[in-house]
**Student:** 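There's a structure below that I have some questions on.
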Amino acid sequence: MTRRRKVPSAVVDSPLDTRTQAKAKEDRLPSVEDGRLMTYEAGDNVGRFLALLAGRISRPLAVSMTACVHCGLCAESCHYFLTHPDDPTMTPVWKADQIRKIFKRYVDWTGRIAPWWVKAAAPEGDEDLNRLKNIVFGSCSACRRCTYNCPMGVDTGLLVRFTRGLLTELGIVPEGVFNVSRDQWETGNQMAVTEDDYLETLAWMRDEVRTELGTEAVEIPVDKPDCDVLYTINPREIKFDPRSIAYAAKIFHVAGESWTMPKWGWDQTNFGLFSGDDRLGAYVARNVYEAADRLRAKRIVISECGHGYRSTRWEGYDWAGYDQKRPTESVVVTLKRYLEEGRIDVDPSRNAEPVTFHDSCNIARSGDLVEEPREVLRRVCADFREMHPNRRENFCCTGGGGLLSMAEYRPLRLESAKIKADQLRATGAKLVCTMCHNCVDGLNDVIKHYQIPMKVVQVLELVSNALIVPPRRKA
Amino acid sequence: MSALLRLFENEVQIAALSFMAVVYVVRLAWIFRFKTRRDRTFAAGDERAGAGYSLMNIAMPGAMESTRKRPFFYAQFVIFHLGVAAAIAGTFIIPYAPGLFRHAVLVRLFRAVVGAAFVVGLIRMGRRLTNPVLRTVSSPDDYFALALLIVWFAAAVLAMPNRPEQGEAPLIAYFGLTAFFLVYVPFSKICHYLYYPFTRYYLGRSLGHRGALPPAVKAKEPA
């Protein structure tokens, strides 16, 4: 950039690694060949970046670009700055200014006429774009805590995602972001789970629940039409945590739910949210919606995943240009309904250890669920205690925004996690519950790094623990 | 009253105001050039309530952690903007309703408000010059806009008694600065008030639709 300021943070110097991009091109992956998955090409990337910027900007984005008054109130809402109070480049306002100054230089008035007067500046080459990549991917989890704390209503989270999207179009992305996007484009799920793996894991979990309940009546139906519930999951559940599928299956069985999982379109996660790639977002979300159409399901239920919930419940319909036709809800809402309707009964004494709740940013700040998980936890736990701050003011687990897939930014992420670690410790709880698989991994990293005697659980697990299985549902 | 002061109080102000109005219309047209997307999802809350709550954020220091934890900062904000309102009001009262400033109480009130805003302006300038975050992000426009307001407040305090017979310099400075302001504002950060309704409306509408704002209101998704 012109008039460049020396940036002390090491994160901005992380180089662009294009090895897996080169491999994808060499392998002639369909998503690369047909231009869905963009790879880095040397050339006039600045020109392309500016054209994309001008062409994609929406009105909410344009006013967020222009409205900042540099009051600095956002600084102390950010866990990066709170843990690096001597580094102004960790503030939301500075990070947003890195895209804002380009907007001012090329789109806004004063910056076009007198750029120095408003600190408008243009990227000079790919090195500057790579630096921008490191800022928007590496030093912000797009948690939107600053958005809620901006007196002007500037949506820095939105600006960061927008900038990520422009860079993704140019292949100027962290390697991890490229890899996960590639898997989701190529296989329909972000962990490249094969159909065989998927079906075998479901059968395995069905057998586990059958053994636990001593009945062959338990099913995990796949592609069953005309069900009340189409249950969609996070590929992490297949790869690393299949018990969560078993918990859901057990609860659905006890509740007498008419449910199914789709053979295709089961991944409710959506890396398009993190990469800023609306086309990927549309593709993945549409897979889920079309699965529900195909199977004539009455309701889409999303397993516990923060960004998956935000993507499938909220953003996905807009990305896909698809008008919502049926209720789409988190499984936590389903559980709450079961409890309210008496479809399941629970014994909170089975969860005797103190439990606290971590609000997922994507659910609490960019979604609608704040009280629902608490209502469920109060029913199924003997000792539920709040973390402070909480609800929409909660701090990010630090693994949000896709940061778990970007190893190069891990040291900074874990430094910034001290805020979360302090929050967790102060509760004195033994268990921290969250309704997000990303947060499970993020919190596990925090707990391990800061050596906190705590275990991460999810709502389904606690409900499953507390579940009283009536004799008619057993053997 | 001299012809120069009369010119500054009337024709110059009207010309500057007209210029500002034209630029604002163009600016609004520029904002509306950018597209918005309609929401395709079932609402979990109330868009209008969300937008209303968001727009009223300015009057709710408890709504945000950032202002809740800094009551002094919020008080500064209130005083500063009341000062702006009082100083703007002065530019209309003096030429069009000079009788109002014959009431000593009113003059004292206006001068107190604008004077307090002047002090807050100095505090803000001190903060901007000494806070490393603000120093890093501030542009020349940020400093100039604030400095301009501080000088304008000072000129307003001196001009408020509206006693041209005791010397016209404060009044000429006040109206001269006002005219400059009106021309400069649309190109500076000072026109943030033009964007506030937009940023707040779009944020509030979106979060209201999702049931996130207002925090207490929660509608059910259609069955």
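Keep in mind it's a predicted model, so treat the numbers as computed, not measured.
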**Student:** Has the side chain of B:D141 got a donor or acceptor atom that lies under 3.5 Å from a matching backbone atom of A:W117?
**Tutor:**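 Side chain of B:D141 to backbone of A:W117, a donor-acceptor pair under 3.5 Å: no, none is there.
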**Student:** Tell me, for B:S54 versus chain A, whether the close heavy atoms (under 4.5 Å) come from the side chain, the backbone, both or neither.
**Tutor:**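 Neither part, no heavy atoms under 4.5 Å.
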**Student:** For residues 66-93 of chain A, pull every pair meeting ring-ring contact (aromatic ring centres under 6.0 Å, His included), keeping only residues two or more places apart or in separate chains.
**Tutor:**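 Applying ring-ring contact (aromatic ring centres under 6.0 Å, His included) to every pair that reaches into residues 66-93 of chain A, excluding sequence neighbours, yields nothing.
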**Student:** For a quick test of reading the model, state the closest non-hydrogen atom pair linking B:Y196 to A:P151 and the distance between them.
**Tutor:**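 Nearest pair, atom of B:Y196 first, then A:P151: CE1-O, 3.3 Å.
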**Student:** If I measure from the heavy atoms of chain B, does A:R145 come under 4.5 Å with its side chain, its backbone, both, or neither?
**Tutor:**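 Only the side chain of A:R145 comes within 4.5 Å of chain B.
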**Student:** Just give me the residue among B:F144, B:F32, B:F198 that pairs up with chain A most often, heavy atom to heavy atom, under 4.5 Å.
**Tutor:**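 Heavy-atom pair counts peak at B:F32.
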**Student:** Considering only heavy atoms and a distance below 4.5 Å, find which of A:P85, A:A75, A:C150 pairs most often with chain B.
**Tutor:**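 Of A:P85, A:A75, A:C150, A:C150 has the most heavy-atom pairs under 4.5 Å with chain B.
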**Student:** Answer yes when B:R68 and A:E393 have at least one side-chain N-carboxylate O distance shorter than 4.0 Å, and no when they do not.
**Tutor:**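 Between A:E393 and B:R68 there is a salt bridge, with a charged N closer than 4.0 Å to a carboxylate O.
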**Student:** How many angstroms lie between atom CZ of B:R38 and atom CG of A:D318, to the nearest 0.5 angstrom?
**Tutor:**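 Interatomic distance, B:R38 CZ to A:D318 CG, rounded to 0.5 Å: 8.5 Å.
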**Student:** With rounding to the nearest 0.5 Å, note down the distance linking OH in A:Y317 to CG in B:D39.
**Tutor:**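 One gets 12.0 Å once the value is rounded to the nearest 0.5 Å.
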**Student:** Can you say whether A:P389 sits under 4.5 Å from chain B via the side chain, the backbone, both, or neither, judging by heavy atoms?
**Tutor:**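 Just its side chain gets close to chain B.
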**Student:** Rounded to the nearest 0.5 Å, what separates atom CD1 in A:I57 from atom CZ in B:R33?
**Tutor:**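 Here the interatomic distance stands at 10.0 Å.
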**Student:** May I ask you to check whether over 12 heavy atoms, not counting those of B:M56, lie within 6.0 Å of atom CE?
**Tutor:**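 Incorrect, the count does not exceed 12.
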**Student:** With side chains defined as the heavy atoms from C-beta onward, is the minimum distance between B:W30 and A:T66 less than 4.5 Å?
**Tutor:**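 Contact flag for B:W30/A:T66 side chains = yes.
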**Student:** Can you tell me how far the CG atom of A:N149 sits from the OG1 atom of B:T67, to the nearest 0.5 Å?
**Tutor:**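 If I round to the nearest 0.5 Å, the distance is 7.5 Å.
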**Student:** Please check if the side chain of B:K189 supplies one atom and the backbone of A:V69 the other of a donor-acceptor pair under 3.5 Å.
**Tutor:**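 Present.
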**Student:** Which atoms of B:R200 come close to chain A, meaning under 4.5 Å heavy atom to heavy atom: side chain ones, backbone ones, both, or neither?
**Tutor:**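 For B:R200, heavy atoms of backbone and side chain both lie under 4.5 Å from chain A.
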**Student:** Restricting to non-hydrogen atoms, name the atom on B:F34 and the atom on A:A62 that form the minimum distance, rounded to 0.1 Å.
**Tutor:**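 Nearest pair, atom of B:F34 first, then A:A62: CD1-CB, 3.6 Å.
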**Student:** Can you give me the closest heavy-atom contact between A:E76 and B:R70, atom names plus distance?
**Tutor:**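 For A:E76 and B:R70, the tightest heavy-atom pair comes out as OE1-NH2, 2.7 Å.
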**Student:** Examine whether an atom of A:D323 lies under 4.5 Å from a heavy atom of chain B, and if so say whether it belongs to the side chain, the backbone or both; otherwise answer neither.
**Tutor:**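 Contact with chain B involves both backbone and side-chain atoms of A:D323.
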**Student:** Taking the side chain from B:T199 and the backbone from A:G153, do they hold a donor-acceptor pair closer than 3.5 Å?
**Tutor:**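 It does not hold such a pair.
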**Student:** Heavy-atom distance under 4.5 Å to chain B: side chain of A:R144, backbone, both or neither?
**Tutor:**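 Just its side chain gets close to chain B.
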**Student:** With rounding to the nearest 0.5 angstrom, report the OG1 to CG distance, B:T41 to A:D368.
**Tutor:**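 Going from OG1 on B:T41 over to CG on A:D368, the span is 9.5 Å.
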**Student:** Heavy-atom distances under 4.5 Å only: say whether B:R205 touches chain A with side chain, backbone, both or neither.
**Tutor:**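 Neither the backbone nor the side chain of B:R205 comes within 4.5 Å of chain A.
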**Student:** Looking only at heavy atoms, what is the nearest atom pair of B:T36 and A:P60, with distance?
**Tutor:**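 So the two residues come closest at CG2-CD, 3.9 Å.
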**Student:** Please flag which part of A:K325 lies under 4.5 Å from any non-hydrogen atom of chain B: side chain, backbone, both or neither.
**Tutor:**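 When you check distances to chain B, only backbone atoms of A:K325 fall under 4.5 Å.
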**Student:** Minimum heavy-atom separation for B:P132 to A:P88, with atom names?
**Tutor:**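 Nearest pair, atom of B:P132 first, then A:P88: O-CG, 3.8 Å.
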**Student:** For B:K35 and A:R59, indicate whether the former's side chain and the latter's backbone hold a donor-acceptor pair under 3.5 Å.
**Tutor:**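 Not a single qualifying donor-acceptor pair exists.
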**Student:** With a 4.5 Å cut-off on side-chain heavy atoms, are B:Y195 and A:M65 touching?
**Tutor:**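 Sidechains of B:Y195 and A:M65: no contact.
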**Student:** Which one, A:S77, A:G321, A:C74, leads in non-hydrogen pairs under 4.5 Å with chain B?
**Tutor:**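 Option with the top pair count is A:G321.
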**Student:** Tell me which of these, A:C68, A:C71, A:S64, A:A114, has more heavy-atom pairs under 4.5 Å with chain B than the rest.
**Tutor:**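 Looking at each option in turn, the highest pair count goes to A:C71.
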**Student:** With respect to chain B, which residue among A:T91, A:I113, A:T147, A:D108 yields the maximal number of heavy-atom pairs within a distance under 4.5 Å?
**Tutor:**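 Ranked by contacts with chain B, first place is A:D108.
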**Student:** When heavy-atom pairs shorter than 4.5 Å are enumerated against chain A, which of B:I190, B:N131, B:L134, B:L194 gives the highest number?
**Tutor:**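 Option with the greatest count: B:L134.
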**Student:** List the atom of B:A212, the atom of A:G367, and the distance in Å for their closest heavy-atom pair.
**Tutor:**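 So the two residues come closest at CB-O, 3.5 Å.
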**Student:** Please tell me if the side chains of B:R37 and A:W319 come closer than 4.5 Å, counting only heavy atoms from C-beta onward.
**Tutor:**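 Side-chain contact under 4.5 Å: yes.
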**Student:** Taking ring-ring contact (aromatic ring centres under 6.0 Å, His included) as the test, write out the residues that go with B:F73, two or more places apart.
**Tutor:**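 With neighbours one apart ignored, the set is empty.
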**Student:** At what distance, to the nearest 0.5 angstrom, does CZ of B:F77 lie from CG of A:L73?
**Tutor:**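 Between atom CZ of B:F77 and atom CG of A:L73 there are 10.5 Å.
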**Student:** Evaluate the criterion salt bridge (Lys or Arg N to Asp or Glu O under 4.0 Å) for residue pair A:E315 and B:R40; output intermediate values, then yes/no.
**Tutor:** CA-CA 9 Å; A:E315 318 287 357; B:R40 294 172 181 272; over 6 Å; no
**Student:** Classify the ring geometry of A:W314 against B:H209: parallel below 30°, tilted from 30° to 60°, perpendicular beyond 60°.
**Tutor:**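 The rings of A:W314 and B:H209 stand perpendicular, inter-plane angle above 60°.
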**Student:** Determine the interplanar angle of the A:W109 and B:F187 rings, folded into 0 to 90°, and report it as parallel if under 30°, tilted if 30 to 60°, perpendicular if over 60°.
**Tutor:**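 Tilted: the ring planes of A:W109 and B:F187 meet at 30° to 60°.
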**Student:** Relative to chain B, which segment of A:S58 carries a heavy atom at a distance below 4.5 Å: side chain, backbone, both, or neither?
**Tutor:**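 Interface part for A:S58: both.
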**Student:** For B:I58, is it the side chain, the backbone, both, or neither that has a heavy atom closer than 4.5 Å to a heavy atom of chain A?
**Tutor:**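 Looking at B:I58, nothing touches chain A.
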**Student:** Can you tell which part of A:R310 gets under 4.5 Å to a heavy atom of chain B, answering side chain, backbone, both or neither?
**Tutor:**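 For A:R310, side-chain heavy atoms alone lie under 4.5 Å from chain B.
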